[in-house]
Participant: 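Got a structure here, written out as C-alpha cells. Questions coming.
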Amino acid sequence: MSTQAAGVCSFASIQRIWLGPSRSPPFNWTQHIERLKEFYQRHFGAKAGPRYVNSARQFESCFLSFASGARLEIMQMPSVGCKAESSGPPQGYAHLAISVGSEAEVDRLTDRLRAGGCEILSNPRRTGDGYYESTVADPDGNPIEITT
C-alpha cells in the first residue's frame with residue numbers, strides 16, 4: 001500500500017522538467033514564493049532547499065528539487081509583476097513541461113490536481129505533434145504541461 005499523500009505525484013514519476021535549451025535549472029518569477037513552493041511540494045513532491053535572501057537587491061529565491069534530480073528555482077523581487085504591469089522581468093515563465101513517464105500517470109496526476117482544486121487548462125489528450133499531455137495552471141496562472 002502506498003504511503004503517498006493524496007494529490008501528490010510520486011517522486012519517481014517526475015522524469016524531466018523542460019524550460020528551453022539551457023543546462024541551468026528552469027526558473028519562475030513570482031510575487032508569492034511561499035505559495036508556489038507549497039504548490040510544487042504538495043502536488044509534485046518537490047523538496048525545498050533553503051531560502052536565499054539578498055536584502056540589498058530585495059531578491060529572494062528557493063530551489064525545488066525532485067527525486068529524479070530535476071530542479072526548479074522560484075524567485076521573488078518587488079520589481080517583478082504581472083506581465084502587463086511591470087517594468088521589471090515578467091512574472092512567470094515561457095514554457096514548463098513535466099514528464100511523468102506514462103499516459104496513465106498523466107491521467108492520474110491530472111485527476112489529483114483537479115480534485116485538489118487546481119485549474120485544468122486542458123484535459124489529457126494526444127497533441128498534433130504526438131505527445132500525450134494535459135495542462136494545468138499553477139497558483140500564479142502559469143501553464144504547466146504534464147506529459148509522458
Side-chain angles (χ1 to χ4, degrees), residues 4-102 105-125 127 129 131-148:
Q4 177 176 303
V8 175
C9 178
S10 76
F11 299 143
S13 67
I14 294 183
Q15 305 292 313
R16 293 177 296 279
I17 297 179
W18 290 290
L19 183 77
S22 173
R23 289 185 183 261
S24 62
F27 61 88
N28 185 8
W29 285 108
T30 184
Q31 293 179 335
H32 308 282
I33 200 166
E34 282 300 314
R35 182 177 71 181
L36 274 190
K37 180 176 86 172
E38 291 170 11
F39 171 80
Y40 284 100
Q41 288 175 316
R42 177 177 177 210
H43 295 294
F44 296 96
K47 300 284 186 193
R51 195 160 174 166
Y52 168 75
V53 177
N54 181 323
S55 299
R57 292 184 55 218
Q58 295 183 309
F59 171 84
E60 298 181 37
S61 74
C62 179
F63 280 95
L64 304 175
S65 298
F66 302 87
S68 67
R71 295 188 320 149
L72 174 66
E73 182 180 14
I74 51 177
M75 305 178 304
Q76 173 178 310
M77 204 161 77
S79 64
V80 174
C82 296
K83 291 175 173 92
E85 300 173 6
S86 175
S87 61
Q91 174 178 300
Y93 47 75
H95 179 82
L96 179 69
I98 297 177
S99 172
V100 295
S102 71
E105 188 61 25
V106 170
D107 293 342
R108 280 192 292 274
L109 181 54
T110 303
D111 288 343
R112 288 188 298 235
L113 287 160
R114 179 181 290 111
C118 295
E119 180 182 4
I120 305 300
L121 301 175
S122 65
N123 285 308
R125 73 210 178 282
T127 63
D129 55 0
Y131 287 96
Y132 188 78
E133 66 184 39
S134 66
T135 308
V136 301
D138 76 8
D140 286 345
N142 298 305
I144 301 170
E145 289 181 2
I146 301 169
T147 185
T148 57

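Numbers for residues simply follow the sequence, beginning at 1.
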Participant: Compare every heavy atom of Leu121 with every heavy atom of Pro143, then report the nearest pair and how far apart it is.
Facilitator: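 Here Pro143 and Leu121 meet closest at CB-CD1, 3.9 Å.
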
Participant: Judged by atom type as modelled, is there a donor-acceptor pair below 3.5 Å linking the side chain of Thr147 to the main-chain atoms of Tyr132?
Facilitator: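 Judged by distance alone, yes, a pair lies under 3.5 Å.
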
Participant: What are the two closest heavy atoms between Phe44 and Phe39, and how far apart are they?
Facilitator: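 Between these two residues, the closest heavy atoms are CE1-CE2, 3.8 Å.
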
Participant: With side chain to side chain contact (heavy atoms under 4.5 Å, CB included) as the criterion, how do Arg108 and Val100 come out once you've worked through the C-alpha distance, each side chain's angles and the decisive distance to 0.1 Å?
Facilitator: CA-CA 10 Å; Arg108 280 192 292 274; Val100 295; over 6 Å; no

Participant: For the side chain of Asp140 and the backbone of Asn142, is there at least one donor-acceptor N/O pair under 3.5 Å apart?
Facilitator: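 Side chain of Asp140 to backbone of Asn142: no pair is present.
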
Participant: How about Cys118 and His43: do any of their side-chain heavy atoms sit closer than 4.5 Å?
Facilitator: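 Yes; the side chains approach each other to less than 4.5 Å.
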
Participant: Would you check if the side chain of Gln76 reaches a backbone N or O of Ile33 as a donor-acceptor pair within less than 3.5 Å?
Facilitator: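 Looks like yes, one N/O pair under 3.5 Å.
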
Participant: Does atom CD of Gln58 have more than 12 heavy-atom neighbours, drawn from other residues, nucleotides or ligands, at distances under 6.0 Å?
Facilitator: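 Incorrect, the count does not exceed 12.
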
Participant: Has Ser61 got a side-chain atom pairing as donor or acceptor with Ile74's backbone, closer than 3.5 angstrom?
Facilitator: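 Such a contact is absent between Ser61 side chain and Ile74 backbone.
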
Participant: NZ of Lys47 to CD of Gln41: how many Å apart, nearest 0.5 Å?
Facilitator: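 Reported to 0.5 Å precision, the distance equals 8.5 Å.
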
Participant: Distance check, rounded to the nearest 0.5 Å: Tyr52 atom OH versus Glu60 atom CD?
Facilitator: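 Between atom OH of Tyr52 and atom CD of Glu60 there are 10.5 Å.
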
Participant: Work out which heavy atom in Gly49 is nearest to a heavy atom in Cys62; give both atom names and the distance.
Facilitator: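 Residues Gly49 and Cys62, closest heavy atoms: O-SG, 3.5 Å.
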
Participant: Taking atom CD1 of Ile98 and atom CD of Glu105, what is their separation to the nearest 0.5 Å?
Facilitator: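 One finds 11.5 Å between CD1 of Ile98 and CD of Glu105.
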
Participant: What distance separates Ile144 CD1 from Leu72 CG, expressed to the nearest 0.5 Å?
Facilitator: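 Rounded to the nearest 0.5 Å, the CD1-CG separation comes out at 8.5 Å.
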
Participant: State, to 0.1 Å, how close Leu64 and Ala46 come at their nearest heavy-atom pair, and which atoms those are.
Facilitator: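 Scanning both residues completely, I find the closest heavy atoms to be CB-CB, 4.0 Å.
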
Participant: To the nearest 0.5 Å, what is the distance between CE on Met75 and CZ on Phe59?
Facilitator: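 Met75 atom CE to Phe59 atom CZ measures 5.0 Å (nearest 0.5 Å).
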
Participant: So, does Arg125 use its side chain to make a donor-acceptor pair with the main chain of Glu133 at under 3.5 Å?
Facilitator: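 Yes; judged by distance alone, with no hydrogens or angles, the pair exists.
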
Participant: Would you name the heavy atoms of Val136 and Ile120 that are closest together and state the gap between them?
Facilitator: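 What the structure gives for the nearest pair is CG1-CD1, 3.5 Å.
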
Participant: Pick from Thr110, Asp111, Leu109: which one makes a side-chain contact (heavy atoms from CB on, under 4.5 Å) with Leu113?
Facilitator: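 In the set Thr110, Asp111, Leu109, the residue that makes a side-chain contact (heavy atoms from CB on, under 4.5 Å) with Leu113 is Leu109.
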
Participant: Does Thr135 reach the main-chain N or O of Ser122 with its side chain, forming a donor-acceptor pair under 3.5 Å?
Facilitator: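 Flag not set: sc Thr135 to bb Ser122 has no pair under 3.5 Å.
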
